[in-house]
Amino acid sequence: MTGAWIRFAASAVCMVLGLVFMVSAVFGVNKFRHALNRMHAAALGDTLGILFVILSLMIMRGFSLDSLKLLMVIVFFWIASPVSGHMISRLEAMTDESLGELSVLEKGSKVHVQLHDVSNLDRRASREKKKKGAKGR
Amino acid sequence: MELIEQAYQVLMTGALWILAVLIILSIIRSVLGPGISDRIIAVNMIGTMIIMITAIFSVWMDENYLADVCLIYAMISFLGVVVLCKVYTGVYLQRKHIKADLRAIEDNLAKQGVEMQEEEVQE
């Protein structure tokens with residue numbers, strides 16, 4: 001009797017962990033603003049969420065052929081999910097018109113800064129100095 | 001023995017309710033999402049949660065074949081995501097007249113005015 005209750009406790013802990021991961025994944029997908037950030041949140045549910053939920057079901061089921069099938073689901077999902085994530089990120093990198101903008105969060109307000117303004121600031125200043133010098137000569 | 005079966009029932013029913021609410025929230029995101037990739041991400045996550053629900057049903061109803069349904073659903077969901085990504089990449093490239101090769105990301109960045117690293121090295 002106590003063995004059955006220990007098994008129930010283990011499966012309940014795994015199920016609750018998986019559901020917490022799924023809730024945080026959906027919360028992150030609804031909260032973040034850009035698609036690449038959203039993908040970062042969605043990958044959490046695709047890997048750890050499904051791992052813990054199906055692990056809980058395998059503990060419930062015991063050692064049998066059904067739990068082997070459920071294990072196959074996890075194995076296939078862990079192979080397929082990074083591939084689909086890579087495809088989605090390539091789609092986003094090709095089709096996003098504002099990929100070069102770097103969004104900077106300040107207190108309360110949101111300011112967009114162009115990426116080349118940030119990375120090439122000093123180089124650009126030196127180039128402008130050269131141009132001005134050439135004009136002067 | 002009655003009590004522990006009731007406990008399992010409560011656990012599975014709670015998990016199903018929470019997953020149903022999460023699916024509704026993901027559907028809201030897939031309708032609201034501004035870009036096509038946001039929608040694809042939300043639909044992919046709905047597929048994940050449906051796989052979980054099917055697995056829970058396969059244990060609850062003690063049916064063997066629902067685990068197979070789970071596996072097939074995972075494969076078809078993966079195939080759907082890959083096909084959607086390919087189709088929308090092709091549509092975008094055709095609309096913008098960009099060559100469809102590995103340098104398409106660089107072309108996209110060059111159209112936005114972001115300088116790539118190689119050009120600076122050549123200068």
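Just so it is clear: chains get the letters A, B, ... in the order the sequence lines come, proteins before strands, and each one is counted from 1.
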Can you check side-chain contact (heavy atoms from CB on, under 4.5 Å) on A:Arg90 and B:Thr89, steps first, answer last?
-> CA-CA 9 Å; A:Arg90 251 179 64 187; B:Thr89 307; over 6 Å; no

So, do B:Asp62 and A:Arg61 sit near enough that their side-chain heavy atoms are less than 4.5 Å apart?
-> yes

Which bit of A:Met39 comes within less than 4.5 Å of chain B, counting heavy atoms only: side chain, backbone, both or neither?
-> both

Closest non-hydrogen atom pair, A:Arg7 against B:Tyr8 = C-OH, 4.2 Å

Whatever's closer than 4.5 Å to a heavy atom in chain B on A:Phe8 counts as both

At their closest point, which heavy atom of B:Met75 faces which heavy atom of A:Phe76, and how far apart are they?
-> CG-CZ, 3.5 Å

Based on non-hydrogen pairs under 4.5 Å, which of B:Gly14, B:Ser26, B:Ala7 is most in contact with chain A?
-> B:Ala7

Interface moiety of B:Val81 toward chain A, non-hydrogen atoms closer than 4.5 Å | side chain

CG/A:Leu91 to CG/B:Leu84 distance, rounded to the nearest 0.5 angstrom?
-> 9.5 Å

Between atom CD1 of A:Ile50 and atom OG1 of B:Thr48, what is the distance when rounded to the nearest 0.5 Å?
-> 6.0 Å

Is chain A contacted by the side chain of B:Ile18, its backbone, both, or neither, given a heavy-atom distance below 4.5 Å?
-> side chain

Same hydrophobic cluster for A:Leu44 and A:Ile79, using side-chain heavy-atom links shorter than 4.5 Å among ILVMFWY?
-> no

With a 4.5 Å cut-off on heavy-atom pairs, point out which of A:Val16, A:Leu57, A:Val53 contacts chain B the most.
-> A:Leu57

Could you tell me the separation between the CG atom of B:Leu11 and the OG atom of A:Ser56, rounded to the nearest 0.5 Å?
-> 6.0 Å

Hey, what do you get for CZ (A:Arg38) to CZ (B:Arg29), rounding to the nearest 0.5 Å?
-> 4.5 Å

Please state whether the side chain, the backbone, both or neither of B:Ile51 comes within less than 4.5 Å of a heavy atom of chain A.
-> side chain

When rounded to the nearest 0.5 angstrom, what distance separates OH in B:Tyr92 from CE in A:Met94?
-> 10.5 Å

Do the non-hydrogen side-chain atoms of A:Thr95 and B:Tyr88 ever get within less than 4.5 Å of each other?
-> no

Side-chain touch B:Asn64/A:Lys69, heavy atoms, less than 4.5 angstrom = yes

Tell me, out of A:Asp66, A:Asn30, A:Leu70, A:Val73, who's got the most heavy-atom pairs with chain B below 4.5 Å.
-> A:Asn30

Region of B:Met12 in contact with chain A, defined by heavy-atom distances below 4.5 Å = side chain

Crowding at CZ, A:Phe21 (>12 non-hydrogen neighbours, <6.0 Å) = yes

Hey, does A:Met15 have a side-chain heavy atom less than 4.5 Å from the side chain of B:Ile56?
-> yes

Common cluster, B:Met61/A:Met58, ILVMFWY with side-chain heavy-atom separation under 4.5 Å | yes

Same apolar cluster: A:Phe32 and A:Leu48, side chain cutoff 4.5 Å | no

Distance in Å, A:Met87 CE paired with B:Cys85 SG, rounded so as to fall on 0.5 Å steps = 5.5 Å

Over all atoms of both residues, closest heavy-atom pair of B:Phe78 and A:Ala80 | CE1-O, 3.4 Å

